[in-house]
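Indexing begins at 1, ligand by ligand and atom by atom, following the structure's order.
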Amino acid sequence: MKGFDFDFLKISVTDVVDIVLVALLIYYVYTLIRNTLAVNLLVGMFIITVFYWVVKGLHMELLTTIIEKFMSVGIIALIVIFHPEIRRFLLMIGKNAFLQKNKAWWGYLFGRKEIERNNLTRIKPIIDACKTMKKTRTGALIVFVKFYDEQFFANSCEVVDAKISKRLLESIFQKNSPLHDGAVVISENKIKSASCILPLTDNDQLPSQFGLRHRAGIGVSETTDAVAVIISEETGEISYAKQGRVRMNVSFGELEKLLNKDF
Ligand SMILES: Nc1ncnc2c1ncn2[C@@H]1O[C@H](COP(=O)(O)OP(=O)(O)OP(=O)(O)O)[C@@H](O)[C@H]1O
């Protein structure tokens, strides 16, 4: 295919498409591993690679051979280490997440008003349930997941798979309910599961009043793409966790905006 030709540099249209695709790939890999341990592993691998180039350049035969041997089994190690990220990446592609995630596309294709109206109908029962639970000081942890990874949640949850409703959310978190302990997971417009045990964050910079419920909400937002709404049983205060960071004392107006954006 013909393209630009600067004597020393020939760029065809295919090259441009190639570069754009690689840039997109890097971007999506970055969004998948951002705020996860995988970032540290990636940095570690980068340092080893640079070190390898240096020792090879200096003709340090012994070190070069050791690192080469280490790297030759590296691909298997990579698959094992990045297994959760690879799973999520494939799930993301499988569920056509690129389009779903980019609401601008849906807005462009189907009209922004329609999207906002649909979002509000989805979110309203959740906000209403939060209002009641705040008033009654009912502790709750609601997690919103874009790509529901059955394997991740299956082992630690009770499957619900029901339509989102205010009364269902309230009854799950009621003190006497057998499902009240743990988190509710909402995904694909459904209450997918309840009573989920989530990974706790080991962030030691969190406010001292944050107990296990808050730590679980922040933990799941660190390790997955989930966002979490946490209602404190002690204070009724609502917190919002995303990418390992937490916003405290969120108003209902803010909550609506945040969920509209992230859910
Ligand atoms: N790993 C976990 N995953 C999900 N939920 C959990 C987990 N560990 C504890 N919880 C929930 O947190 C509740 C205990 O909350 P705790 O009092 O420690 O939290 P807190 O952050 O101080 O919140 P609160 O302000 O409501 O007291 C448990 O009853 C359970 O429902």
Side-chain angles (χ1 to χ4, degrees), residues 35-38 83-84 87-88 125-162 164-188 190-252 254-255 258-259 262-263:
N35 290 316
T36 67
L37 274 181
H83 159 241
R87 248 182 84 80
R88 269 196 291 151
I126 302 164
I127 305 273
D128 288 347
C130 289
K131 282 182 184 167
T132 313
M133 291 191 283
K134 181 182 170 85
K135 218 182 285 168
T136 54
R137 298 271 163 93
T138 307
L141 173 54
I142 308 174
V143 173
F144 299 85
V145 185
K146 281 197 191 101
F147 321 110
Y148 186 75
D149 186 343
E150 304 259 354
Q151 199 182 318
F152 183 83
F153 294 105
N155 300 331
S156 65
C157 300
E158 292 292 333
V159 178
V160 176
D161 211 22
I164 300 171
S165 96
K166 169 181 183 280
R167 291 210 292 182
L168 181 55
L169 281 172
E170 285 169 11
S171 39
I172 288 176
F173 285 113
Q174 233 179 35
K175 273 246 167 69
N176 298 329
S177 154
L179 296 181
H180 84 278
D181 247 344
V184 156
V185 176
I186 294 183
S187 184
E188 296 159 3
K190 278 188 159 179
I191 299 181
K192 286 285 198 182
S193 42
S195 208
C196 297
I197 307 296
L198 303 175
L200 301 177
T201 177
D202 45 20
N203 185 344
D204 51 11
Q205 309 288 320
L206 295 173
S208 57
Q209 73 267 27
F210 279 9
L212 293 177
R213 199 189 315 277
H214 288 83
R215 291 195 160 270
I218 299 164
V220 75
S221 79
E222 259 172 10
T223 46
T224 69
D225 63 356
V227 294
V229 173
I230 308 143
I231 305 176
S232 165
E233 192 176 2
E234 269 170 54
T235 61
E237 190 181 288
I238 297 183
S239 306
Y240 189 85
K242 183 181 175 182
Q243 293 175 345
R245 285 185 285 269
V246 66
R247 265 169 94 146
M248 293 163 69
N249 222 348
V250 175
S251 71
F252 291 113
E254 279 177 299
L255 185 62
L258 288 166
L259 287 179
D262 296 328
F263 170 39

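The shortest side-chain heavy-atom distance between Met248 and Phe210 falls under the 4.5 Å cut-off. Counting heavy atoms from C-beta on, the side chains of Cys130 and Val229 come closer than 4.5 Å.
For atom 1 (N) of ligand 1, the nearest protein heavy atom (residue, atom name, distance) is Leu198 O, 2.9 Å. With respect to atom 7 (C) of ligand 1, the closest heavy atom belonging to the protein is Ala216 CB, 4.0 Å. Closest to atom 29 (O) of ligand 1 among all protein heavy atoms lies Asp181 OD1, 2.6 Å. In this structure, the protein non-hydrogen atom closest to atom 26 (O) of ligand 1 is Glu233 N, 2.6 Å. Atom 16 (P) of ligand 1 has as its closest protein heavy atom Leu212 N, 3.7 Å. Nearest protein heavy-atom contact of atom 21 (O) of ligand 1 is His214 ND1, 2.6 Å.
With a heavy-atom cut-off of 4.0 Å, Leu200 touches ligand 1 through its side chain alone.
Remark: distances from the non-hydrogen atoms of Cys196 to ligand 1 include one below 4.0 Å. At least one heavy atom of Ser232 sits closer than 4.0 Å to an atom of ligand 1. At a 4.0 Å cut-off, at least one heavy atom of Gln209 sits close enough to ligand 1 to count as contact.
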